[in-house]
Enquirer: 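Please read through the structure below; I'll follow up with questions.
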Amino acid sequence: QVQLVESGGGLVQTGGSLRLSCAASGRTFSSYVMGWFRQAPGKEREFVAAISWSGSRTYYADSVKGRFTISRDNAKNTVYLQMNSLKPEDTAVYYCAAADRLRLPNYDMDYWGRGTLVTVSS
């Protein structure tokens with residue numbers, strides 16, 4: 001079992017930046033693939049980014065490539081999402097997730113956090 005708690009959401013203006021954090025419980029954090037997803041009002045949840053257990057491989061949705069960066073610190077059991085050049089269409093609840101292996105093509109996950117709201121004002 002892995003428990004995930006997101007933080008760092010808030011209100012930011014267009015073009016601004018935010019860094020989301022996800023703290024994970026459990027001693028096996030370093031063995032999990034970690035990911036970020038988001039769900040905008042009235043829309044389905046969508047993949048944003050994922051990172052391998054070692055951090056050596058990262059994966060991004062086309063909509064965030066070049067603007068968002070996923071990283072992890074296994075010593076702190078934490079995964080991050082640095083979001084730059086934010087746009088109003090990035091407004092969503094952002095969820096942290098974990099999986100015991102990478103499952104393509106949909107990045108299916110086993111564990112989910114409760115989410116943190118990011119609002120980008122125009």
Side-chain angles (χ1 to χ4, degrees):
Q1 283 281 351
V2 177
Q3 293 185 332
L4 305 169
V5 179
E6 304 93 337
S7 62
L11 175 64
V12 63
Q13 291 185 334
T14 296
S17 297
L18 278 176
R19 188 176 81 155
L20 305 183
S21 299
C22 173
S25 64
R27 293 174 291 179
T28 58
F29 171 80
S30 61
S31 67
Y32 285 95
V33 172
M34 300 298 297
W36 287 96
F37 293 71
R38 67 186 181 186
Q39 187 168 18
K43 295 188 177 181
E44 293 187 352
R45 187 165 56 192
E46 63 176 1
F47 168 75
V48 174
I51 188 167
S52 63
W53 65 271
S54 66
S56 62
R57 294 189 176 185
T58 56
Y59 311 82
Y60 295 96
D62 287 343
S63 58
V64 305
K65 277 181 184 176
R67 299 189 299 122
F68 290 11
T69 302
I70 188 171
S71 61
R72 66 191 296 163
D73 185 338
N74 287 341
K76 296 182 178 181
N77 281 14
T78 301
V79 62
Y80 304 97
L81 186 68
Q82 177 67 44
M83 305 186 295
N84 299 329
S85 302
L86 283 161
K87 306 174 182 179
E89 51 263 44
D90 295 317
T91 295
V93 177
Y94 283 71
Y95 297 91
C96 176
D100 60 1
R101 63 188 188 277
L102 186 66
R103 299 193 187 102
L104 299 175
N106 297 322
Y107 301 93
D108 295 332
M109 295 290 178
D110 300 312
Y111 305 101
W112 294 87
R114 300 187 70 175
T116 186
L117 177 63
V118 172
T119 303
V120 184
S121 64
S122 57

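Throughout, numbering of the chain's residues begins at 1 and tracks the sequence. Heavy-atom basis, side chains included; hydrogens, waters and symmetry copies ignored.
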Enquirer: Quick one: OH on Tyr95 to CE on Met109, what's the gap to the nearest 0.5 Å?
Expert: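 Output value for this atom pair is 15.0 Å.
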Enquirer: Taking Leu81 as the starting point, is it possible to reach Leu11 by hopping between hydrophobic residues whose side chains are less than 4.5 Å apart?
Expert: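 The answer is no; the residues belong to distinct hydrophobic clusters.
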Enquirer: Scan for disulfide bond (SG atoms under 2.5 Å apart) pairs involving residues 23-84, sequence neighbours excluded, and state none if there are none.
Expert: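 Residue pairs with at least one partner in residues 23-84: there are none.
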Enquirer: Testing the basics here: between Ser71 and Val79, what is the closest heavy-atom pair and its distance to 0.1 Å?
Expert: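 Nearest pair, atom of Ser71 first, then Val79: O-CG2, 3.1 Å.
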Enquirer: If you define the side chain from C-beta out and look only at heavy atoms, does anything of Trp36 sit under 4.5 Å from Phe68?
Expert: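 When only atoms from C-beta onward are counted, Phe68 and Trp36 do not touch, as no gap falls below 4.5 Å.
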Enquirer: Is there a continuous path of hydrophobic side-chain contacts, each under 4.5 Å between heavy atoms, that joins Leu102 to Trp53?
Expert: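 No, Leu102 and Trp53 fall in different hydrophobic clusters.
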Enquirer: With a 3.5 Å distance limit and no angle check, can you tell me whether Thr78 reaches the backbone of Lys76 through a side-chain donor-acceptor pair?
Expert: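 Side chain of Thr78 to backbone of Lys76: a pair is present.
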Enquirer: Let's go through Glu46 and Arg38 carefully: what are the C-alpha distance in whole Å and the side-chain angles of both, what is the deciding distance for salt bridge (Lys or Arg N to Asp or Glu O under 4.0 Å) to 0.1 Å, and is it a yes or a no?
Expert: CA-CA 5 Å; Glu46 63 176 1; Arg38 67 186 181 186; 2.6 Å; yes
Enquirer: Against the six-membered ring of Phe29, is Arg72 placed for a cation-pi contact (under 6.0 Å from the centre, within 45° of the normal)?
Expert: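 Yes, Arg72 sits over the ring of Phe29.
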Enquirer: Has Glu6 got a side-chain atom pairing as donor or acceptor with Arg114's backbone, closer than 3.5 angstrom?
Expert: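 At least one qualifying donor-acceptor pair exists.
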Enquirer: To the nearest 0.5 Å, what is the distance between OG (Ser17) and CG (Leu86)?
Expert: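 If I round to the nearest 0.5 Å, the distance is 6.0 Å.
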Enquirer: Evaluate side chain to side chain contact (heavy atoms under 4.5 Å, CB included) for Asp73 paired with Tyr80, printing each intermediate quantity in order.
Expert: CA-CA 8 Å; Asp73 185 338; Tyr80 304 97; 4.1 Å; yes
Enquirer: Just how far is it from atom CD of Gln1 to atom CG of Asp110, taken to the nearest 0.5 Å?
Expert: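 Answer for the CD-CG pair, Gln1 versus Asp110, is 10.0 Å.
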Enquirer: State the CE-OG distance between Met34 and Ser52, to the nearest 0.5 angstrom.
Expert: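 Going from the CE atom of Met34 to the OG atom of Ser52 covers 12.0 Å.
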Enquirer: What are the two closest heavy atoms between Thr91 and Ala40, and how far apart are they?
Expert: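 The answer is O-CB, 3.6 Å.
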Enquirer: Taking the side chain as everything from C-beta on, heavy atoms only, tell me whether Thr14 gets closer than 4.5 Å to Pro88.
Expert: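 Thr14 vs Pro88: side chains touch.
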Enquirer: According to a hydrophobic-cluster definition based on side-chain heavy atoms being under 4.5 Å apart (Ile, Leu, Val, Met, Phe, Trp, Tyr only), do Tyr111 and Tyr107 belong together?
Expert: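 No: no chain of side-chain contacts under 4.5 Å links Tyr111 to Tyr107.
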Enquirer: If you define the side chain from C-beta out and look only at heavy atoms, does anything of Arg67 sit under 4.5 Å from Asp90?
Expert: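 Yes; the side chains approach each other to less than 4.5 Å.
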Enquirer: Is Arg45 close to Val48 at the side-chain level, that is, under 4.5 Å between some pair of heavy atoms?
Expert: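 No, side chains not in contact.
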Enquirer: Would you check, one step at a time, whether the test salt bridge (Lys or Arg N to Asp or Glu O under 4.0 Å) holds for Lys65 with Asp62?
Expert: CA-CA 5 Å; Lys65 277 181 184 176; Asp62 287 343; 3.2 Å; yes
Enquirer: What is the distance from atom CD of Gln82 to atom CG of Leu18, rounded to the nearest 0.5 Å?
Expert: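 Answer rounded to 0.5 Å: 8.5 Å.
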Enquirer: What distance separates Ile70 CD1 from Arg57 CZ, expressed to the nearest 0.5 Å?
Expert: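 Answer rounded to 0.5 Å: 15.0 Å.
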Enquirer: Got a sec: does the CD of Gln3 have more than 12 other heavy atoms crowding it under 6.0 Å?
Expert: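 Atom CD in Gln3 is not packed in, count stays at 12 or less.
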Enquirer: Grab the two heavy atoms, one from Phe47 and one from Phe37, that are nearest each other, plus how far apart they are.
Expert: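 Result for this residue pair: CA-CD2, 3.5 Å.
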Enquirer: Which atom names give the shortest non-hydrogen contact between Thr116 and Gly9, and what distance separates them?
Expert: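 Here Thr116 and Gly9 meet closest at OG1-N, 3.2 Å.
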